[in-house]
Number of protein chains: 2
Amino acid sequence: MLYRQVKRQLIADIQSGVAAPGAALPNETDLARRFNVSIGTVRRAVDELVAEHVLVRQQGRGTFVGKMDRERFMFQFFKIAGRDGVSEFPQVRLHTFTRSRATREEAQALGLHGTQSVFCIDNVLLLKGRPVIHDHIVIAATMFPGLTEDVFTKRTATIYGLYQSAFGITIVEADERVRAELVSLESARLLNLPAGMPVLRIERVAYTFDRKPAEFRISVVDTRDVDYVSRMRDAA
Amino acid sequence: MLYRQVKRQLIADIQSGVAAPGAALPNETDLARRFNVSIGTVRRAVDELVAEHVLVRQQGRGTFVGKMDRERFMFQFFKIAGRDGVSEFPQVRLHTFTRSRATREEAQALGLHGTQSVFCIDNVLLLKGRPVIHDHIVIAATMFPGLTEDVFTKRTATIYGLYQSAFGITIVEADERVRAELVSLESARLLNLPAGMPVLRIERVAYTFDRKPAEFRISVVDTRDVDYVSRMRDAA
DNA sequence: AAGTGGTCTAGACCACTTG
DNA sequence: AAGTGGTCTAGACCACTTT
């Protein structure tokens, strides 16, 4: 399992900031020398990290640390698409930004002990100018020190891009649980829906490396014009 | 791209019946000789087929053609789980088995020209003895020649297992679109739900090799006790 | 003991990008 | 032309399973 050790070291370099998002890695022969393994072993480690979108290879140019840009976010973490299957980048409108104590459910999802301080962010996402998604985001205050409404609002990239560039936290995977419910009063108001409308409720726990929970998010989706899309192939 | 050719040939062997589900493949050195490539190239082809669950490796024993048993079905294609996250194999109750002409929507999903003949199967799936899912399955009659209600009812394995063992069709991937709606009169009756209940509606197109559509399925799920679970990692 | 897959090596040559 | 990743080779040794 030499390649596992190489993979762990590459991840450690990213977490420690030795390898910053967007930066190039040393070439494969140099990595092989540095780790005292053959090129094939380096390739196997890099292969897996590329499959997880942590690294990006460009033939003839080099291998780079993956940046959480819009494209990556849409491809990997945004599963809402129109009836035609086309996925559009949503316009995000901040509703509320507050700091409070984690509920029991939130603490459990984030792996917190007791009721630690969390940031709660409510957003409305618009597609084609119409409000479609109500996001309620919960993150541990200790994991995102110095976050303020101002920092949050003035971000230039996606929310996950902010996590990565401002706090060094790269989201690499997420689990979601989806169910149908009748829209709540608050979501109905934000999404401009009448009472009694069925909506999707999506609970997401997003993880950084080593399956460490970083974000808990509840999304309420008006699915009159869009679907939640899921592809089942290879490793489920 | 030699390993691609090896992979195609291995798939062709499975489709033609040369390699039957559950049967062992020749060992890697024999395969390498047969295809005139090195073992490493064979391994790369087999690696991908293992990732897609088409082949199964067992160290020290050999490599086998994947059988669509309950375990594989549950792991790869059944995404409904209880609130505790545990997934239970459902009891299936046949409601109706009919033969009719494909609607436009069904023909499009299955890639049929015109309005060909299809089998329509309605099932009720029970979890812990309670009806939770109403499945409406549509498959092309030409793709499943000789299928009857009797054959369908007397199957010993899963539905996808029947496709594989009786018709040589292995389901390898599926796309799903999920939304919330109010339960229909028919589904409400089958699931013992009052009118006005929100339910999940899942449209699935299941594919065999080469992304050839084999089944169109609409599942209506009562999500009061269960969730639709989705994991986002590596290749989305 | 014999046979299998699992890992690793140390190269070779090719395709692509950049200067 | 030089440097990069992409593919392929032809072995070696190990861990595991079966006989």
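Order of the sequence lines fixes the chain letters, A, B, ..., with proteins taken first and strands second; residue numbering starts at 1 for each chain. Please read all numbers here as calculations on a predicted model, not as lab measurements.
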- Of dT9(C), dG6(C), dT17(C), the nucleotide closest to the side chain of Arg61(A) is dT17(C)
- 5'-most by nearest nucleotide on DNA chain D - Gly60(A) or Asp47(A): Gly60(A)
- Task: Please determine, for dT7(D), whether a Watson-Crick or G-U wobble partner exists with both distances under 3.5 Å, and give it or none.
- Result: dA12(C)
- Kindly say if Ser38(A) contacts the phosphate of dA10(C), meaning a side-chain N or O under 4.0 Å from OP1 or OP2. no
- Query: So what does Thr29(A) hit on the nucleic acid, given a heavy-atom distance under 4.0 Å: a base, only sugar-phosphate, or nothing?
  - Reply: nothing
- Please state how far atom CG in Leu31(B) lies from atom C1' in dG6(C), giving the value in whole angstrom units. 16 Å
- Rounded distance in Å - CD (Gln5(B)) to C1' (dT7(D)): 13 Å
- Task: Say whether Gln164(A) and Thr170(A), considering side chains only, have a donor N or O and an acceptor N or O under 3.5 Å apart.
- Result: yes
- Is it the case that Tyr163(A) and Glu215(A) place a side-chain donor and acceptor less than 3.5 Å from each other? yes
- Just how far, in rounded Å, is P of dG6(D) from CD of Gln58(A)? 10 Å
- Gap between atoms CD and C1', on Gln59(A) and dG5(D) respectively (whole Å): 6 Å
- Task: Could you tell me the separation between the CD atom of Glu28(A) and the P atom of dT7(D), rounded to a whole number of Å?
- Result: 11 Å
- Query: Between atom CD1 in Ile39(B) and atom P in dG5(C), what is the gap in whole Å?
  - Reply: 9 Å
- Query: Centres of the Tyr160(B) and Phe77(B) rings: under 6.0 Å?
  - Reply: yes
- Query: How would you label the contact of Val37(A) with the nucleic acid (heavy atoms, under 4.0 Å): base, sugar-phosphate, or nothing?
  - Reply: sugar-phosphate
- With a 3.5 Å cut-off and no angle check, do the side chains of Tyr228(A) and Glu176(A) form a donor-acceptor pair? yes
- Length of the CG-P vector between Asp30(B) and dG3(C), whole Å: 11 Å
- Task: Please state whether the phosphate of dG3(D), meaning OP1 or OP2, lies under 4.0 angstrom from any side-chain nitrogen or oxygen of Asn27(A).
- Result: no
- In whole Å, what is the span from the CG atom of Leu55(B) to the P atom of dG5(C)? 11 Å
- Task: Verify the contact: side-chain N or O of Arg57(B) to OP1 or OP2 of dG6(C), cut-off strictly under 4.0 Å; return yes or no.
- Result: yes
- Query: Does one side chain, of Thr148(A) or Asp150(A), offer a donor that lies under 3.5 Å from an acceptor on the other?
  - Reply: no
- Query: Are Thr41(B) and dT9(D) close enough that a side-chain N or O sits under 4.0 Å from OP1 or OP2?
  - Reply: yes
- As its Watson-Crick or G-U partner within any shown strand, both distances under 3.5 Å, dA2(D) has dT17(C)
- Message: dT7(D), OP1 or OP2 - any side-chain N/O from Arg44(B) closer than 4.0 Å?
- Response: yes
